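Below is one structure, written out as structure tokens; the observations come after it.
Here is how names work: the chains are called A, B, and so on, in the same order as the sequence lines, proteins then strands, and each is numbered from 1. Every value quoted in this text rests on a predicted model; they were computed, and no experiment measured them.
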Amino acid sequence: MLAKQTPLTKQMLSELLRASSSKPKQLKKIHAVVIRTGFSEKNSLLTQLLENLVLVGDMCYARQVFDEMPKPRIFLWNTLFKGYVRNQLPFESVLLYKKMRDLGVRPDEFTYPFVVKAISQLGVLPCGVSLHAHVLKNGFECLGIVATELVMMYMKFGELSSAEFLFESMQVKDLVAWNAFIAVCVQTGNSAIALEYFNKMCADAVQFDSFTVVSMLSACGQLGSLDIGEEIYDRARKEEIECNIIVENARLDMHLKCGSTEAARVLFDDMKQRNVVSWSTMIVGYAMNGDSGEALALFTMMQNEGLRPNYVTFLGVLSACSHAGLVNEGKRYFSLMVRLNDKNLEPRKEHYACMVDLLGRSGLLEEAYEFIKKMRVEPDTGIWGALLGACAVHRDMILGQKVADVLVETAPDIGSYHVLLSNIYAAAGKWDCVDKVRSKMRKLGTKKVAAYSSVEFDGKIHFFNRGDISHPQSKAIYEKLDEILKKIRNMGYVPDTGSVFHDVEMEEKESSLSHHSEKLAIAFGLINGRAGHPIRVMKNLRTCDDCHVFSKFVSRLTSREIIMRDKNRFHHFRNGDKEWSKFVNMNSMFMSVIRCY
DNA sequence: GTAGGGTTAG
């Protein structure tokens, strides 16, 4: 009777496992039965259980099951590695790899893709280098997949030349290898290199696909190269590459990142299908471009269509409130988020940072400080950084010092915090304190990020540093700049030397100011750009007050529209005016949002 | 039986 029942029960257990593949509690119960009935001996049920646990993400339990297996085959080790990578547990991966070597288990060609990815997640370069040596020793370096993972690892570690060298020396580069390299370039902020390799790829006659297009549109968004991006998109269409919703969303985002909000809206309205990413892209884009009214209006529309916002949508909404100084509305959206009581919508650190920014920007520095103290989450550098930025804007030296102390303690290698503190001192004329901060930076080896601006012209991106003379057109650029400065001075422009935070003489201050990278970029745009077309300048840091005023005057003088994107947001200048957000009645709009829920 | 690529935030 027992013999008759045995195969049935085993089959039943297997079926049960399949049926409860996403229910962790059920899996545990079945595990107990498997052990009790002695079916675990052949490992097949345990294997199935392990795979299910990896999918569910219960890695602790998965490890327990794995450890109970008498002699797991290499496939099972790989399954566990897969689980650790998927669930972002790189440290556990490293320990498992060590154990594997200690036991003398030989890794196979499937092992290294997982382990290399784990080291990427771990972010420790020396570990990556020694793992690379293992890969070579075991003879897996010529496997495309392993090589691709290594290239991505080096790129994520900022080891650009190693990554490039390895990629170039790959004997066979298929489409996925190209796409992976281009994507990781964009993800690490090396979009100009991505563009370079896209051109190489085309020169090598490798046919690109929709994955390539998405990465390139994202690269063009970062670079502010609307024309190049649109050209690539048009080519994709002509070559009948499937432009799915991901491609369309990336295109939308590119337009918004290039300050082309009107065109983005037309694209958005014409889209055949829209998902939460499309809506969030628009809302975030409007917020970045200073059109808070449209951002919040879209948020309402989105809900009227019955779409559920996600955490990015709320980041856009909160930053829209922040840019427009809508303190009370921001507070209400934040509490709405809490009240929705959705596990996926619990405010994250970024949302708290947005709130601190909102309060701080409006001058409510103490309230922002209190908000941080009362937060349910542990404040990170992003949150303290938002408060320090606000202290710099409102020149609050006392609180600024307090916050900077926390930041310099936790993140001594980030130059911008030191710079912000030194700016606060400089604004108050405390040059001895400025010197102290600077010498501390030198002692810690912290470096300031050098400011640069870029402009696209003739299919190329032109970069400028402050006082740069390396550009072939330098002579003409400086002549143009002098000419403009003269003319706008007559129109009433006065250099705002308050934004040069060095203790130097006035004349020197002025010349240092007049050669800021964005001014050089604008002069370049005026020389080369087509009349009637906007000049799009991208800057890697925030733009200073003087360059802001300068741009206003230049837009009036030359009747050219200037769209300047800095680290945080856009500035649109047309006919000497800065375009402000449209007036909207936020109160009534907020009430309609409340009604949706 | 298992392995490499894409969109919204920072």
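In this structure, A:Trp178 places its CH2 atom 18 Å from C1' of B:dG6, rounding to the nearest Å. Rounded to a whole Å, the CG atom of A:Leu315 is 13 Å from the P atom of B:dT8. In this structure, A:Arg542 places its CZ atom 12 Å from P of B:dG10, rounding to the nearest Å. A straight line from CG of A:Asn344 to C1' of B:dA9 spans 16 Å, rounded to a whole angstrom. For the pair A:Asp209 CG and B:dG4 P, the computed distance is 16 Å after rounding to whole Å. Taking atom CG of A:Asn310 as the reference point, atom P of B:dT7 lies 15 Å away to the nearest angstrom. Atom-to-atom, CE of A:Met288 to C1' of B:dT8 comes out at 10 Å; the value is rounded to the nearest Å. Here B:dA3 presents its P atom at 16 Å from CZ of A:Phe140, a figure rounded to the nearest Å.
Residues that satisfy the ring-ring contact (aromatic ring centres under 6.0 Å, His included) test with A:Trp77, not counting sequence neighbours, are A:Phe66. A:Phe208 meets the ring-ring contact (aromatic ring centres under 6.0 Å, His included) test with A:Phe198; sequence neighbours excluded.
Comparing B:dA9, B:dG4, B:dG6 by their closest approach to the side chain of A:Lys117 singles out B:dG4. The side chain of A:Asn249 approaches B:dT7 more closely than any other nucleotide in the set B:dT7, B:dA3, B:dT8. Comparing B:dT8, B:dG6, B:dT2 against the side chain of A:Ile246 picks out B:dG6 as the nearest. Proximity note for A:Glu109 (side chain, C-beta onward) versus B:dT7, B:dA3, B:dT2: the nearest is B:dA3. If you check B:dG4, B:dT8, B:dG1 against the side chain of A:Asp253, the one that comes closest is B:dT8. Ranking B:dT8, B:dT7, B:dT2 by closeness to the A:Thr281 side chain, first place goes to B:dT8. Of the candidates B:dT8, B:dG1, B:dG6, the closest approach to any side-chain atom of A:Ser210 belongs to B:dG6. Comparing B:dT2, B:dG1, B:dA9 against the side chain of A:Glu51 picks out B:dG1 as the nearest. Nearest to the side chain of A:Gln187, among B:dG4, B:dA9, B:dG6, sits B:dG6.
Residue contacts for A:Phe75: at a heavy-atom cut-off of 4.0 Å it reaches a base atom on one of the strands shown. If you check every strand for non-hydrogen atoms under 4.0 Å, A:Val284 touches sugar and phosphate atoms only. Among the protein residues, A:Asp357 comes within range of no part of the nucleic acid, since none of its heavy atoms lies under 4.0 Å from any strand. The residue A:Ala353 sits apart from the nucleic acid: no heavy atom pair falls under 4.0 Å. If you check every strand for non-hydrogen atoms under 4.0 Å, A:Asp174 touches a base. Nucleic acid contact for A:Thr148: base, since at least one base atom lies under 4.0 Å from a heavy atom of the residue. Within 4.0 Å (heavy atoms only), A:Thr111 reaches no atom of the nucleic acid at all. Using a 4.0 Å heavy-atom cutoff across all strands shown, A:Val213 reaches no nucleic acid atom at all. Counting non-hydrogen atoms under 4.0 angstrom, A:Glu149 reaches the backbone sugars and phosphates but no base.
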Mind listing the side-chain donor-acceptor pairs of residues 105-113 of chain A below 3.5 Å, one per line with the distance, residues two or more places apart or on another chain?
residue	atom	partner	partner atom	Å
A:Asp108	OD1	A:Asn78	ND2	3.2
A:Asp108	OD1	A:Phe110	N	3.0
A:Asp108	OD1	A:Thr111	N	3.2
A:Asp108	OD1	A:Thr111	OG1	2.9
A:Thr111	OG1	A:Asn78	OD1	2.9
A:Thr111	OG1	A:Asp108	N	3.0
A:Thr111	OG1	A:Asp108	O	3.3
A:Tyr112	OH	A:Tyr97	OH	2.7
A:Tyr112	OH	A:Asn138	ND2	3.0

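Ring to ring, A:Phe167 and A:Trp178 are close: their centroids are under 6.0 angstrom apart.
Residue ring and nucleobase are stacked for A:Phe211 and B:dG6, with a centre distance beneath 5.5 angstrom and an angle between planes beneath 30°.
Salt-bridge formation is detected for the pair A:Asp67/A:Lys99: a Lys NZ or Arg NE/NH1/NH2 atom is positioned less than 4.0 Å from an Asp or Glu carboxylate oxygen. A salt bridge links A:Arg235 and A:Glu239; the closest N-O separation between the charged side-chain nitrogens and carboxylate oxygens is under 4.0 Å.
Within residues 190-205 of chain A, no residue places a heavy atom under 4.0 Å from DNA chain B.
Contact check, A:Gln48 against B:dG1: no side-chain N or O comes under 4.0 Å of OP1 or OP2.
For residues 214-268 of chain A, every residue pair satisfying the ring-ring contact (aromatic ring centres under 6.0 Å, His included) rule, not counting sequence neighbours, is listed here: A:Phe268-A:Trp279. For residues 191-203 of chain A, every residue pair satisfying the salt bridge (charged side-chain N to carboxylate O under 4.0 Å, His left out) rule, not counting sequence neighbours, is listed here: A:Glu168-A:Lys200.
Judged by atom type and distance alone, A:Arg348 does not reach the base of B:dG10 through any side-chain donor-acceptor pair under 3.5 Å.
Classified by interplanar angle (parallel below 30°, tilted 30° to 60°, perpendicular above 60°), the ring pair A:Phe371/A:Phe334 is perpendicular.
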